[in-house]
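Notes follow once the structure below has been shown.
Please read all numbers here as calculations on a predicted model, not as lab measurements. Count residues from 1 along the sequence.
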Amino acid sequence: MKVCKLIRKHSFKDVRVFEKEAISLKKLGYDVTIVAGKTRGVVFGPNRSSIKDPAFKKDSFEYKGIKFLTYDIVEITYTHINKMIKALETNTQNYFPDKLYEKALSTNADIYHAHELHTLYEAVQIKRTLRKKGKNVKVIFDAHELEANSKFLTLLMKEVDHLITVSDSIKEIYQKRYPNVPITVIYNTPSYQEELQKDKTSLPSHK
């Protein structure tokens, strides 16, 4: 099964996107592609610094078993979002600020996994495009933080099949907003309760 992960703000080496999720999916047998952005023609690291390594300068490359497709980022503005809202409301697939949509669409994946609100737009539009062609794909929104309950997000969530977030408190808020969308928590760090339980089991017994 093919999984395509979409990022615009995050580094292609992002710990959550790449290390925690993509590599784990690869180990489970999934065919994983990350569509990652470039600034000034080059990909960037988690600290936002440009990576000059020639191995990462191509439009497509493979790293640690994960395939990458790259594109030049256009920073999203309110003007872009207003046009995106109009496209969603009119069910048209004719507005895309950069090449993320076409790169992700070219993977012909079974699951499109968006890691930002703005990349969720492309994932939803891909789902609509492929549905018109007779292929049903799933859209996952990985909410790394709590997004405002905007008109834009509300429109997008109508097409989301599963939501992933980072904490139980954020999960509760999303559950109230979107009760029909299944939600899973993947912590950025181990949960406090899990670590506390480990500490208890590792303590020496006193008899």
Side-chain angles (χ1 to χ4, degrees), residues 3-12 14 16-17 21 33-39 44 48 69-107 109-133 135-186 188:
V3 177
C4 178
K5 298 169 78 65
L6 291 68
I7 53 176
R8 186 176 268 117
K9 295 180 180 179
H10 294 85
S11 165
F12 78 106
D14 181 85
R16 180 180 178 86
V17 178
E21 297 180 357
T33 299
I34 297 177
V35 183
K38 296 185 291 186
T39 57
F44 50 90
R48 304 297 295 180
L69 298 177
T70 63
Y71 67 99
D72 292 306
I73 296 171
V74 169
E75 293 295 330
I76 304 301
T77 66
Y78 286 113
T79 300
H80 292 121
I81 292 174
N82 288 334
K83 290 181 178 179
M84 290 173 176
I85 289 172
K86 183 177 180 181
L88 291 168
E89 290 179 324
T90 58
N91 196 24
T92 56
Q93 290 86 39
N94 58 2
Y95 179 74
F96 304 102
D98 50 34
K99 301 293 184 182
L100 172 57
Y101 168 85
E102 65 180 57
K103 292 285 180 116
L105 180 62
S106 72
T107 66
D110 303 292
I111 298 171
Y112 286 88
H113 186 157
H115 287 270
E116 300 129 355
L117 178 59
H118 300 148
T119 59
L120 180 58
Y121 170 78
E122 277 88 358
V124 165
Q125 289 288 39
I126 289 169
K127 181 177 182 177
R128 290 182 173 187
T129 297
L130 293 178
R131 186 163 56 211
K132 290 177 180 179
K133 296 180 179 180
K135 179 175 180 176
N136 293 316
V137 302
K138 301 295 185 182
V139 167
I140 297 173
F141 178 35
D142 204 322
H144 294 209
E145 56 193 17
L146 179 62
E147 298 287 350
N149 193 22
S150 63
K151 180 179 182 179
F152 186 42
L153 178 58
T154 300
L155 287 168
L156 292 170
M157 288 300 295
K158 292 178 181 179
E159 296 278 9
V160 171
D161 298 284
H162 202 107
L163 189 146
I164 297 173
T165 193
V166 298
S167 72
D168 295 310
S169 58
I170 293 178
K171 175 183 176 179
E172 289 177 7
I173 295 171
Y174 279 129
Q175 279 180 325
K176 291 178 181 178
R177 289 185 189 172
Y178 315 108
N180 296 324
V181 179
I183 302 176
T184 299
V185 175
I186 297 179
N188 283 334

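- Rounded to the nearest 0.5 angstrom, E172 CD and I183 CD1 are separated by 10.0 Å.
- Note: Y121 and F96 have tilted aromatic rings, judged against thresholds of 30 and 60 degrees for the angle between ring planes.
- Rounding to the nearest 0.5 angstrom, the gap separating the CD1 atom in I81 from the OG atom in S150 is 7.5 Å.
- At least one donor-acceptor pair closer than 3.5 Å links the side chain of E116 to the backbone N or O of R8.
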Query raised in the report: Please walk me through it: do T33 and V3 pass side-chain contact (heavy atoms from CB on, under 4.5 Å)?
Result: CA-CA 6 Å; T33 299; V3 177; over 6 Å; no
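- With contacts defined as side-chain heavy-atom distances shorter than 4.5 Å, the pair L130/N136 does not qualify.
- For the pair L88 and F152, the minimum side-chain heavy-atom distance is below 4.5 Å.
- Across every non-hydrogen atom of A148 and R177, the tightest pair is C-NH1, 4.0 Å.
- Taking both residues in full, the closest heavy atoms of A143 and T165 are given as O-OG1, 3.0 Å, listed atom of the first, atom of the second, then distance.
- Note: I34 CD1 to T70 OG1 = 12.5 Å, rounded to the nearest 0.5 Å.
- Among all heavy-atom pairs drawn from I7 and F12, the shortest one is CD1-CA, 4.0 Å.
- Q93 contributes no side-chain N or O that, together with a main-chain N or O of A87, makes up a donor-acceptor pair within less than 3.5 Å.
- Among the candidates H115, H144, R16, the single residue satisfying the side-chain hydrogen bond (donor to acceptor under 3.5 Å, both in side chains) test with H10 is H144.
- Residues S106 and L69 have side chains in contact (heavy-atom distance under 4.5 Å, counting atoms from C-beta outward).
- With a 4.5 Å cut-off on side-chain heavy atoms, T107 and Y112 count as touching.
- You'll find the side chain of D110 stays beyond 4.5 Å of the side chain of V137, heavy atoms only.
- Identified under the salt bridge (charged side-chain N to carboxylate O under 4.0 Å, His left out) test for residues 79-93, with sequence neighbours left out: E89-K151.
- Side chain of K5 to backbone of V35: no donor-acceptor contact under 3.5 angstrom is found.
- Closest non-hydrogen pair, Y71 versus K103, comes out as CB-CG, 4.4 Å.
- Closest of all the heavy-atom pairs between K135 and A109 is NZ-O, 3.1 Å.
- Residues F141 and H113 form no side-chain contact, since every pair of their non-hydrogen atoms from C-beta on lies 4.5 Å or further apart.
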Query - side-chain contact (heavy atoms from CB on, under 4.5 Å) between I186 and V166, intermediate numbers included - result: CA-CA 5 Å; I186 297 179; V166 298; over 6 Å; no
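- Taking the six-membered ring for Trp and the full ring otherwise, the centers of H118 and H80 sit at least 6.0 Å from each other.
- Counting only heavy atoms from C-beta outward, the side chains of L6 and L100 approach each other to under 4.5 Å.
- By the 4.0 Å N-to-carboxylate-O rule, K127 lies close enough to D161 to be salt-bridged with it.
- Shown here is K132, whose NZ atom has more than 12 heavy atoms of other residues, nucleotides or ligands within 6.0 Å.
- Although no hydrogens or angles enter the test, the distance criterion places no donor-acceptor pair under 3.5 Å between the side chain of Y178 and the main chain of I173.
- Taking OG1 of T39 as the start and CD1 of I73 as the end, the distance is 6.0 Å to the nearest 0.5 Å.
- Distance check, rounded to the nearest 0.5 Å: NZ of K38 to CG of D98 gives 11.5 Å.
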Requested in this report: Please report the C-alpha distance between K138 and E159 in whole Å, then the side-chain angles of each, then the deciding distance to 0.1 Å, and finally whether the salt bridge (Lys or Arg N to Asp or Glu O under 4.0 Å) criterion is met.
Outcome: CA-CA 9 Å; K138 301 295 185 182; E159 296 278 9; over 6 Å; no
Requested in this report: Give the intermediate values and the outcome of side-chain contact (heavy atoms from CB on, under 4.5 Å) for residues K99 and E102.
Outcome: CA-CA 6 Å; K99 301 293 184 182; E102 65 180 57; 3.5 Å; yes
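- Note that CD1 of I164 and CG of D142 are 4.5 Å apart. Values are rounded to the nearest 0.5 Å.
- The side-chain heavy atoms of H162 and T184, taken from C-beta on, include a pair separated by under 4.5 Å.
- Across all non-hydrogen atoms, the minimal contact from V74 to P97 is CG2-O, 3.4 Å.
- Crowding of E75 atom CD: a count of heavy atoms from other residues, nucleotides or ligands under 6.0 Å not exceeding 12.
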